[in-house]
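Here the structure is laid out as structure tokens; the discussion comes afterwards.
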2 protein chains.
Amino acid sequence: MGRRNDHSIEQLQELILKAAEKIIEQEGYQKLSARKISQEIGYTVGTLYNVFKNLNEIILKVNARTLINLHTKIKLNLTQHHNSMPELAKCYIDFWKSNFQLANMLFNYSMPKGEEFPPWAQLEIDKMFLTVSSALLPTLKNNLPLAQKATSVLWAGMHGICTLCLSGKMSIISLENAYSLADSFVRGYLDGILDL
Amino acid sequence: MGRRNDHSIEQLQELILKAAEKIIEQEGYQKLSARKISQEIGYTVGTLYNVFKNLNEIILKVNARTLINLHTKIKLNLTQHHNSMPELAKCYIDFWKSNFQLANMLFNYSMPKGEEFPPWAQLEIDKMFLTVSSALLPTLKNNLPLAQKATSVLWAGMHGICTLCLSGKMSIISLENAYSLADSFVRGYLDGILDL
DNA sequence: GTGGATATTGAACGCTGTTCAATATGGGGA
DNA sequence: TCCCCATATTGAACAGCGTTCAATATCCAC
């Protein structure tokens, strides 16, 4: 068709990422394909590769958006509920519930062999860790190493609960008791490490 | 080539599953392909489809083997260490470390849309749950509902720790402190729920 | 020895990510 | 106003994917 100039590169980026997110939420990230995206935005495959290096880069950018989205929700929840970890756990489950496919991709997508995780992604994750560990610090007698370890454990634990509950792989762990498990986990663990 | 009769169907099954496991451990399950398996075993693709319904079925059978393997290790560990949960946690991490790609597939592979998780897979998982919750029961004052919930939490938590540590996605949660996190988690949580 | 049963093949189909020469067009200069 | 060139856009091409199935080559019973 030749030159069209309907959209700037920035607009195309946004179109592509929005389309990718739509497809992922509808069909899962394994079903995402370059041709589907291009069809969705009314361009052909080639255009995607003018705007992004490849599909991997598109997925990374979508993950970055999901991550920032999650971080924003976490910060809001912490201020609203005065750094309550049980409340944060609920918030985390809610995020997984309403963004299951995107959250799934965020944590399960693995780089093609040879490629390295981009530093900005690590940085964003580290920032989120800092947000949580700071909120946790007062509860744990301002013991910083303990707060960091607890953050890791809480994070990994909530990740496990959400993954297993929402994937439906463990019949015993069903969605309805995700909240109940998370509550038992957060309260039990925080209570336990204060004793030890 | 026509009829060859080098191997019985059972032998072919074993050849295929062994080859699949080899490829998965080397390259990850996303890189598994029918043509790679067939090349590995010295047959052509068509033969795979005489023995198994499709690639999905092969993956499920590999997962079943991994699951049984894990269950065996768990049972052995529980008897060797007198139902110690911290020891079981170590055992679980070790299993993930030495079978990372297979464990990864076991927990992350999701069925093609429309297909349902086979009942025998659910059954095997439930059996493993029972093994752990039975071992946990005496520690928790023979409170069965509590033991079941605790098993779910411990399971999900260990799953999260292993996933995040071994995928290397969280720079803060590194492999070296997987054991340390797991220990804090198991001891802290079990101590905590006895208090609450 | 021969014929039928069947294990094995491999080409074919429609999908995938990615590349890149060809092309059609918007906009600046004359 | 017209034209030309820079370039945004295209779509055919390639290799690889899962899956199917008609053709085939071989084994085994008779």
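The analysis underlying the following values was restricted to heavy atoms, covering all of them including side chains, and did not include hydrogens, waters or symmetry mates. Numbers restart at 1 for each chain; the letters A, B, ... are given by sequence-line order, proteins then strands.
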(message) Measuring from atom CG of A/N104 to atom OG of A/S167, what distance do you get when rounded to the nearest 0.5 angstrom?
(response) 8.5 Å

(message) Please report the distance, rounded to the nearest Å, between NZ in A/K36 and P in C/dG17.
(response) 9 Å

(request) Before accepting this row, confirm whether a basic side-chain N of the pair B/R65/B/E124 lies closer than 4.0 Å to the acidic partner's carboxylate O. (result) no

(request) For A/H7 and D/dA8, give me the distance from atom NE2 to atom C1', rounded to whole Å. (result) 13 Å

(request) Write down the distance between CG (A/D6) and P (D/dT9), rounded to a whole number of angstrom. (result) 7 Å

(request) Identify, between A/N56 and B/N5, the residue whose nearest nucleotide on DNA chain C lies closer to the 5' end. (result) B/N5

(message) Taking the minimum atom-to-atom distance to the side chain of B/R3, which one of C/dT6, D/dT10, D/dG18 wins?
(response) C/dT6

(message) Please pick, from D/dT10, C/dT16, C/dT9, the nucleotide with the shortest atom-to-atom distance to any side-chain atom of B/T47.
(response) C/dT9

(request) With the side chain of B/Y43 defined as its heavy atoms from C-beta on, choose the nearest nucleotide among C/dT16, D/dT19, C/dT9. (result) C/dT9

(request) Round to the nearest Å and state the distance from B/Q13 atom CD to C/dA7 atom C1'. (result) 15 Å

(request) Remember a base hit wins even if backbone is also touched, and classify B/N50 as base, sugar-phosphate or nothing at under 4.0 Å, heavy atoms. (result) base

(message) At less than 4.0 Å, is any side-chain N or O atom of A/Y49 found next to OP1 or OP2 of C/dT19? Yes or no.
(response) no

(message) A side-chain contact here means heavy atoms from C-beta on lying under 4.5 Å apart; do A/V132 and A/L154 qualify?
(response) no

(message) Do the side chains of A/R187 and A/D183 get close enough for a salt bridge, i.e. N-O under 4.0 angstrom?
(response) yes

(request) Starting from C1' on D/dG16, measure out to CD on B/E27 and report it in whole angstrom. (result) 13 Å

(request) Using atom CD of A/Q39 as one end and atom C1' of D/dT9 as the other, report the distance to the nearest whole Å. (result) 17 Å

(message) Just to be sure I understand the rule, does B/L32 reach a base, reach only the sugar-phosphate, or reach nothing, if contact means heavy atoms closer than 4.0 Å?
(response) sugar-phosphate

(message) Measuring only between side-chain heavy atoms, which start at C-beta, is B/M111 closer than 4.5 Å to B/P118?
(response) yes

(message) Would you say B/R4 places a side-chain N or O within less than 4.0 Å of OP1 or OP2 belonging to C/dT9?
(response) yes

(request) Nearest-nucleotide wise, let me know which of B/L55 and A/V45 is further upstream toward the 5' end of DNA chain D. (result) A/V45

(message) Quick check: any donor-acceptor pair below 3.5 Å linking the side-chain of A/R35 to the base of C/dG17?
(response) yes

(message) Quick test of your reading of the model: are A/E40 and A/K18 salt-bridged, counting only N-O distances below 4.0 Å?
(response) no

(message) Around atom CD of A/Q39, are there more than 12 heavy atoms from other residues, nucleotides or ligands closer than 6.0 Å?
(response) no

(message) It should be established whether B/S33 places a side-chain nitrogen or oxygen under 4.0 Å from OP1 or OP2 of nucleotide D/dC17.
(response) yes

(request) Could you tell me whether B/I37 contacts a base, only the sugar-phosphate backbone, or nothing, with contacts defined as non-hydrogen atoms closer than 4.0 Å? (result) nothing

(message) Classify B/L12 by what it touches in the nucleic acid, base, sugar-phosphate, or nothing, heavy-atom distance under 4.0 Å.
(response) sugar-phosphate

(request) Rounded off to whole Å, could you give me the CD1-to-C1' distance for the A/I16 and D/dA8 pair? (result) 13 Å

(message) Are A/Y43 and A/R4 packed together at the side-chain level, in the sense that at least one heavy-atom pair is separated by less than 4.5 angstrom?
(response) yes

(request) Quantify the bending of the helix from C/dG1-D/dC30 to C/dA30-D/dT1 as the angle between its end axes, each fitted on five pairs, to 10°. (result) 20°

(message) Whole angstroms only, please: what is the CD1-P distance between A/I41 and D/dA8?
(response) 15 Å

